[in-house]
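One structure is given below, encoded as structure tokens.
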Amino acid sequence: MTEERRFPDFEQKWQKVWAENRKPAAGEPGRKTDRDFYILSMFPYPSGRLHFGHALPYTLTDSIARYKRMCGCNVLNPMGWDAFGLPAENAAVEAVRRGEKNVHPARTTYESIEAMRKQMHAFGYSFDWDREVYTCKPDYYRWTQWLFLKMYEKGIAYRKKARVNWCPDCKTTLANEQVETHVKDGEEFQACFRCGTPVEPREIDAWFLAITRYADRLLRGLDELQSTWPELVTSQQRNWIGRSEGVNIDFTIELRAGASGSGPLKPPGENDPNTQREKLTVFTTRADTTFGVTYVAIAPEHPLVDRILKLVDARTHRRIAEFVKETLSMTEQDRASGDEKEGVATGMFAVNPLSGEKVPVFVANYVLMYGTGAVMAVPAHDERDHEFAREYRLPMKQVIKPAPGSDEKADIKQEAYTAQGVLVDSGPYTGLTSAEAIARIGADLAARGAGGPVVNYKLRDWGISRQRYWGCPIPIIHCPACGVVPVPEKDLPVALPDDVDFLPTGRSPLTDHPAFRSVKCPGCGADARRDTDTMDTFVDSSWYFLRYTDARNDKAIFDPHKAARWSPVNLYVGGREHAILHLIYARFFNMFVHDLGLTAHNEPFARLYAHGLIQGESRRVVTDEMDRYVTEDELKKLLDSGKVEPGQVVRRIEKMSKSKLNGADPTALVRQFGADAVRLTILFLGPAEADSVWDDDGIKGPYNFLRRWHDLVLSSAPLVEDLPPMAPGAAINAAAKKLRHAAHSLIEKAVGEFEGRFALNTVIAKAMELVNEIRAFIAAENLAGPCKGDNDPTVPSRRALAEAFDILARCMAPFAPHTAEECFHALGGKVSVFDAGWPKADPAALVLDEIELPVQVNGKVRGTIKLPSSADKAAMEKLALENENVKRFVEGKAIQKLIVVPGKIINVVAR
RNA sequence: GCGGAGGUGGCGGAACGGCAGACGCGCUGGACUUAGGAUCCAGUGGGGAAACCCGUGCGGGUUCAAAUCCCGCCCUCCGCACCA
């Protein structure tokens, strides 16, 4: 779309005026009221370029924030930068490798921030820049470190050697949440969420945050959010936390020297002098199947494996050791996605505490270090055990049969019967239902001290150590004498040094910075070393919403009274990709801060709005010579030249990305069409929670609308200048009433959406209708030239027109702030449209004098009738039955029923 | 397999028990123009000359009335997935 006119040319003018007159949110300490509104969009990583992934949420929140301010609310709508992180470091690494000088992640980061802030200004976003935070600045990360120390104090932050996911490309570890399942050539593998490289397991000393201690609270908190957070997010979090209720059962394992896993599995005789008895606890959700146990399987990581290895014969030792080594060379997730269930018999036996039976113990790859890392295997009633038992020809024993009256069949030779039912062959529990048996067995075991009911979670503790440079240093000192020593609070922040060789080696870059690394132990004064890992950047972003409430505080993380003024965030807007990661971490941090007594709320975000993705159409050309993505222009050339047939082009809707050449640049569009047109287009695309596809032509509608509105204002301004008051008793005509109706319904519609589900596309549509109405009205009323004084008969119409323009400008101000301001002033506005306040709908204007009603005969519309909106039922019925077409369809039939829904419809039921 | 979202004109989408397709794009015709890829006006779900008929993934049901509610399927997208 080309455009010769320079429209609009007033956006920068208003941006300047607003910048000078901006009133910041009043964040003084005090109690939060209904008029205080904290709206927040997830802060961006400073990539240097504002894309649609930013423009959509920021446009949405800016519109809502502007609306709320016009309603008289005290609105907090801050912006900041999630500024630590690998992309900047990786870019710097690349630049160094290219031979560039003066390269530093800090530099790229700050340059990116400058560029993006400029782009945000061009959009007219009204953020509270005086509260801007950068997670990479010491005045911010000082408090990230402070939180870490508090967590250390409370035992939430702890250090352990653990098998972690390692990304060989990023050369750092990843949290469980940061590992994704990818598929390539039909093979599933676990990959880094950032770069897609397959991850490897690594044994490493690392810091963990005990988020699992909050598992139950995180889960229960979701109930509170049920109606204000998308189901999509709460259900994913529930799933991720993965609470399961079950029973721990203590088997007794008989550890026997010289045991062999080869040959037939025969339990040792009684009173074997070489036997040590030990507890082997298994976790099960199906305690009702305990009499069906035919073997016990333990995870390769299980602590007993080492004990067993020391006892078994040489051959068994070799087999187990090899098997464990091989299994552990895979990540846990890769092991899970492998289709073969494998295991090795240990030659040891375990005693079932309920049945007294002795069953063999296996090490098996399908058993995870979850629960107790050991399971009782019931092939008859568990698919996995069934598969394993079939593979290794282990016995199966049915102990559950379908409940009486159920038409299910249980053929355990074919497949496991996993449904609940009634117990058989289960000693004293025979005849009980599964549910009864689970409860009874749990209670009995607890009474005997051999286990009992427990709750397990899938959620794991959060590993936060990262072996990279551009992150928040961990405020810990390792002293040869004192061990792990926290940095004293007064020494915070532990500053990240600038002069670091950050080329990745697999070792933390800070390790090779002697001045940083060497330190005296704060406890004993001995030579010690700092922890040289940095924190996962998700730590930085887990509490920034609290810092905004008191962003310039250099004495404390924030003033609890100021936080109380704003917390919780009324509306948090962000992408669905954060459904688990950021949103569970942030909830966890908020709960922790709450426990420190610093905030009143358990949950940080009262309402969550998950916006969709703006995608682009990609064009991929696949021929014998090439297989790659092309731009639209390039494609056109290829097609015109005949080098490519239309059949060789694959068009797909995909997430916008550089490599797919399907991204549109919102800032370029702002330059071409103006910020308001782009803002409107983004919101007009559809409801913001849905994914949508960007099409450059889509800007035409909103752009034309803005231009037509503005043109109309300029050409009509004389019509509504200096209007005298309405003469007493003067009435407005039907057309003017219709216009008022359109204008006041726009107010109603906008309020409904801003206070409801944010389907702002329908508000914009309504505004477009109003512009169309205004145009039609001016034409129909023959209004021309200025008003001719008090006795001009067109005064009522002119007043209605002026009112419509006024309402239009004020209702559109949140969406298209520049155009609204310009139009408002062109029509004589003396203050900013944003100070004019939100218009109030006149209930009288919302009622039409005359309405049209459809009349149905047997559910099909056969005519419409016009009648005064005040008409009573009897009048409606009369008119309906007098309608010629209705008569035609009723003729010869008896009217059985007459349904009259006032204001909606009339249905004549005739047979 | 489990969980979530969705399926409406040529397209984006409205309507969440009451005239299906608001609004916009595109398209068709017209006006103005040296010109139109600008602007304005009119039309635009399909079929039919019309009266009308048919239409919201498919099949049932409830109702005077169903895109909307209920039951049973199909398809698409997203997330999780050996968690015992």
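Lettering follows sequence order; numbering is per chain, from 1.
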*List the steps, then state whether side-chain contact (heavy atoms from CB on, under 4.5 Å) holds for A:Leu232 with A:Arg576.*
CA-CA 8 Å; A:Leu232 168 87; A:Arg576 289 195 281 263; 2.9 Å; yes
*Separation of atom CG in A:Asp691 from atom P in B:C11, rounded to whole Å*: 19 Å
*Convert the base pairs of RNA chain B into dot-bracket notation, remembering that pairs crossing earlier ones are written with [ ] and that bases paired across to another strand are shown as |; include only Watson-Crick or G-U pairs under 3.5 Å.*
(((((((..(((.....[....)))((((((.......))))))(((....)))..(((((..]....))))))))))))....
*Nucleotide nearest A:Arg775 when distance is taken to its side chain, options B:C52, B:C41, B:G18*: B:C41
*Considering only B:A65, B:G13, B:C52, which nucleotide approaches the side chain of A:Asn907 most closely?*
B:A65
Using a cutoff of under 3.5 Å, can you pull out all pairs of nitrogen or oxygen atoms linking the protein to nucleotides 21-25 of chain B, with atom names and distances?
unit_1, atom_1, unit_2, atom_2, d
B:A22, O2', A:Glu769, OE2, 3.1
B:G24, OP1, A:Asn772, ND2, 3.3

_Taking only the P atom of each, what is the distance from B:G17 to B:U68 in whole angstrom?_
11 Å
*Please work out if A:Asn885 contacts a base, only the sugar-phosphate, or nothing of the nucleic acid, heavy-atom cut-off 4.0 Å.*
sugar-phosphate
_If I take atom CD1 in residue A:Ile699 and atom P in nucleotide B:G37, what distance separates them, rounded to the nearest angstrom?_
21 Å
*For nucleotides B:C70 and B:U63, find the distance between their C1' atoms and express it as a whole number of Å.*
12 Å
*asked:* Looking at A:Arg707, I'd like to know whether one of its side-chain N or O atoms comes within less than 4.0 Å of OP1 or OP2 on B:A38.
replied: no
*Ring centre gap for A:Phe754 and A:Phe815 strictly below 6.0 Å*: yes
_Modelled atom types, side-chain donor and acceptor of A:Arg708 and A:Asn772, under 3.5 Å_ = yes
_Of A:Pro854 and A:Gln236, the one whose closest RNA chain B nucleotide lies more 5'_ = A:Pro854
_Tell me the interatomic distance from A:Ile905, atom CD1, to B:U63, atom P, rounded to whole angstroms._
18 Å
_Salt bridge or not between A:Glu891 and A:Arg888? Use side-chain N to carboxylate O under 4.0 Å._
no
*Is any side-chain heavy atom of A:Pro702 less than 4.5 Å from a side-chain heavy atom of A:Phe673?*
no
_If you compare every side-chain N and O of A:Tyr370 against the phosphate oxygens of B:A84 (OP1, OP2), does one of them come in below 4.0 Å?_
yes
_Checking one value: the base orientation of B:G9, syn if chi is within 90 degrees of 0, otherwise anti._
syn
*Give a yes/no answer on whether the side chain of A:Arg576 brings an N or O atom under 4.0 Å of OP1 or OP2 in B:G4.*
no
*asked:* Distance check needed: B:G12 C1' versus A:Ile653 CD1, whole Å only.
replied: 11 Å
*asked:* For A:Met656 and A:Ile614: C-alpha separation, side-chain torsions, deciding distance, then whether side-chain contact (heavy atoms from CB on, under 4.5 Å) applies.
replied: CA-CA 8 Å; A:Met656 287 185 181; A:Ile614 294 187; 4.0 Å; yes
_Between A:Tyr370 and A:Ser244, do the side chains contain a donor N or O and an acceptor N or O under 3.5 Å apart?_
yes
*Will you find, in the side chains of A:Ser434 and A:Asp288, an N or O donor that is under 3.5 Å from an N or O acceptor?*
yes
_I'd like to know if the side chain of A:Arg679 reaches the main chain of A:Pro814, judged simply by a donor and an acceptor atom lying under 3.5 Å from each other, with no hydrogens or angles considered._
yes
*What nucleic acid atoms does A:Glu383 come within less than 4.0 Å of, heavy atoms only: base, sugar-phosphate, or nothing?*
nothing
*B:G13 to B:G7 separation - P atoms, rounded to the nearest Å*: 9 Å
_Candidate nucleotides B:G18, B:A15, B:C53, ranked by approach to the side chain of A:Ile899 - the nearest_ = B:G18
*asked:* Looking only at the side chains, is there a donor atom on one of A:Arg243 and A:Asn456 sitting less than 3.5 Å from an acceptor on the other?
replied: no
*OP1 or OP2 of B:C53 sitting under 4.0 Å from any side-chain N/O of A:Arg862?*
yes
*asked:* Could you tell me how far B:A15 sits from B:G45 if I compare only their C1' atoms? Round to whole Å.
replied: 16 Å
*asked:* Taking B:G9 as the reference, what is the distance to B:A22 when you measure between their P atoms (whole Å, please)?
replied: 13 Å
_Base, sugar-phosphate or nothing for A:Val909? Non-hydrogen atoms, less than 4.0 Å._
sugar-phosphate
*asked:* Of the options B:C80, B:A15, B:G4, whose atoms approach the side-chain atoms of A:Glu231 most closely?
replied: B:G4
*Checking all strands, does A:Pro230 fall into the base, sugar-phosphate, or nothing category for heavy-atom contacts under 4.0 angstrom?*
nothing
_Same-atom distance (C1') from B:C77 to B:C69, integer angstrom_ = 25 Å
*Length of the line joining A:Asn858:CG and B:A66:P, which is rounded to integer Å*: 12 Å
_Please determine whether a side-chain nitrogen of the Lys or Arg among A:Asp223 and A:Arg238 lies less than 4.0 Å from a carboxylate oxygen of the Asp or Glu._
yes
*Pairwise C1' distance for B:U8 and B:C2, with rounding to whole Å*: 30 Å
*Of the residues in residues 238-245 of chain A, which ones touch RNA chain B at a heavy-atom distance under 4.0 Å?*
A:Asn239, A:Ser244
*Rounded to whole angstrom units, what separation is found between the CD atom of A:Glu617 and the P atom of B:C11?*
13 Å
*How long is the line joining CD1 of A:Ile682 and P of B:G13, in whole Å?*
15 Å
*asked:* Is there a side-chain contact (heavy atoms from CB on, under 4.5 Å) between A:Trp462 and A:Thr212? Walk through the geometry before answering.
replied: CA-CA 8 Å; A:Trp462 174 16; A:Thr212 48; over 6 Å; no
*Give the intermediate values and the outcome of side-chain contact (heavy atoms from CB on, under 4.5 Å) for residues A:Phe362 and A:Val344.*
CA-CA 5 Å; A:Phe362 284 76; A:Val344 178; 5.8 Å; no
_Parallel, tilted or perpendicular: which one describes the rings of A:Phe388 and A:Tyr392, with boundaries at 30° and 60°?_
tilted
*Atom-to-atom span, NE2 of A:His386 to P of B:A84 - whole angstrom*: 20 Å
*asked:* Are the side chains of A:Val247 and A:Leu445 in contact, using a 4.5 Å heavy-atom criterion?
replied: yes
_Measuring from the side chain of A:Val861 (C-beta onward, heavy atoms only), which nucleotide among B:C40, B:C82, B:A20 has the closest atom?_
B:A20
*Would you kindly compare A:Lys904 and A:Asp382 by the position of their nearest RNA chain B nucleotide and give the one closer to the 5′ end?*
A:Lys904
*Pairwise P distance for B:A67 and B:G61, with rounding to whole Å*: 15 Å
*Describe the nucleic acid contact of A:Val367 in one word from base, sugar-phosphate, nothing, applying a heavy-atom distance below 4.0 Å.*
base
